[in-house]
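Only one structure is covered here, and it is reproduced in the block below.
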Amino acid sequence: PWTPPPRRSKTVPCFMPSFVLNRLSGKLFNALYYRRHGDRQRIEDYRSFFYPLDAIHHWNRIYGRRGIVQYQALFPLESSREGLTTLLEHLVRHGAGAYLAVLKTAGKSSNGMLSYLFPGHTLAMDLPHSGGAKFQKLMRELDAILLDHGGRLYLAKDSQATAGAFARMYPRLEEFRKVKARVDPRGRFVSSQARRLGIVEGP
């Protein structure tokens with residue numbers, strides 16, 4: 001059977017200083033990336049397609065010691081164009097550049113009560129974590145834009161959302177709580193995220 005060729009491994013040797021990531025370096029990277037890949041069709045092995053960053057060891061060091069927050073927003077088809085435009089314009093106004101972004105088309109949801117997908121477009125962005133009240137305010141503002149356009153966040157990448165925003169994004173939350181209370185009456189299955197988002201109650 002066919003197997004993908006071995007990947008050349010590169011390593012980011014240390015945490016980069018904060019000034020390395022800026023508008024100029026972002027434009028340069030995007031230009032080089034597009035020049036290498038371009039607008040064409042080709043056969044790609046599954047590892048390169050699904051896990052491009054795995055070819056670089058310790059890629060997270062590029063963002064410095066503060067790291068990143070990946071914000072993944074999903075907008076329904078009828079509002080995705082306006083929602084994505086508003087979201088990106090808001091980031092530009094606040095000087096919060098996303099140095100890596102992935103846009104995908106989403107299909108039907110499953111029957112899961114907290115299923116993420118529905119038909120629409122999802123945008124994942126790596127935002128440098130600046131910390132502090134200003135950064136928290138920006139996250140709340142992005143959530144508000146998402147809610148205004150009927151969207152939701154991807155739980156697997158969330159670390160910032162509030163319980164109120166989450167409840168509005170996932171309308172079957174109360175249904176999930178009732179099922180969990182029935183199958184886990186002692187509350188053994190819990191996480192810090194579940195507490196923060198109000199999926200479970202109590203400290």
Chi angles and distances behind the side-chain contact (heavy atoms from CB on, under 4.5 Å) call for V12, I56: CA-CA 7 Å; V12 179; I56 305 175; 3.9 Å; yes

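- Annotation: side-chain hydrogen bond (donor to acceptor under 3.5 Å, both in side chains) contacts involving residues 142-156, sequence neighbours excluded, comprise Y71-D143.
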Table please: side-chain donor-acceptor pairs of residues 81-89 below 3.5 Å, with sequence neighbours left out.
unit_1 : atom_1 : unit_2 : atom_2 : d
T85    : OG1    : R81    : O      : 2.8
T86    : OG1    : E82    : O      : 2.8

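- Legend: salt bridge (Lys or Arg N to Asp or Glu O under 4.0 Å) pairs involving residues 153-168, not counting sequence neighbours, sorted by first then second residue: D158-R196.
- For the atom pair CZ (F135) and NE2 (H94), the distance works out to 12.5 Å, reported to the nearest 0.5 Å.
- Proximity of a side-chain donor or acceptor of R66 to a complementary backbone N or O of H129 within less than 3.5 Å is not detected.
- Among residues at least two apart or in separate chains, side-chain hydrogen bond (donor to acceptor under 3.5 Å, both in side chains) pairs with a member in residues 177-190 are E174-R177, K180-D184.
- Atom CG in L142 sits 9.0 Å away from atom CG in L153 (nearest 0.5 Å).
- One distance of note links CZ of F75 with CG of L146; it measures 5.0 Å at 0.5 Å rounding.
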In sequence, state the C-alpha distance, the side-chain angles, and the governing distance for F166 and I199, and then conclude on side-chain contact (heavy atoms from CB on, under 4.5 Å). CA-CA 9 Å; F166 172 75; I199 298 174; 3.5 Å; yes

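- Counting side-chain heavy-atom gaps under 4.5 Å among Ile, Leu, Val, Met, Phe, Trp and Tyr, the cluster of L32 also holds L28.
- Atom CZ of R140 sits about 11.0 Å away from atom CG of L147, to the nearest 0.5 Å.
- Partners of H58 by ring pair (Phe, Tyr, Trp, His ring centres under 6.0 Å), not counting sequence neighbours: none found.
- Remark: E141 engages K137 in a salt bridge (Lys or Arg N to Asp or Glu O under 4.0 Å) (not counting sequence neighbours).
- Distance check: L173 CG to L197 CG gives 9.0 Å after rounding to the nearest 0.5 Å.
- Shown here are the salt bridge (Lys or Arg N to Asp or Glu O under 4.0 Å) partners of R93, two or more places apart in sequence or in another chain: there are none.
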In residues 113-126, what donor-acceptor pairs under 3.5 Å come from side-chain atoms, sequence neighbours left out?
unit_1 : atom_1 : unit_2 : atom_2 : d
S115   : OG     : S110   : N      : 3.4
S115   : OG     : S110   : OG     : 3.4
Y116   : OH     : T122   : OG1    : 3.0
H121   : ND1    : S80    : OG     : 2.9
T122   : OG1    : Q72    : NE2    : 3.1
T122   : OG1    : A73    : O      : 3.2
D126   : OD1    : Q70    : NE2    : 2.6
D126   : OD2    : Y63    : OH     : 3.4

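- By the side chain to side chain contact (heavy atoms under 4.5 Å, CB included) test, P185 pairs with no residue at all, sequence neighbours left out.
- Legend: residues meeting salt bridge (Lys or Arg N to Asp or Glu O under 4.0 Å) with R65, ordered by chain and number and at least two apart, are absent.
- Not counting sequence neighbours, the partners of R172 by the side-chain hydrogen bond (donor to acceptor under 3.5 Å, both in side chains) test are E175.
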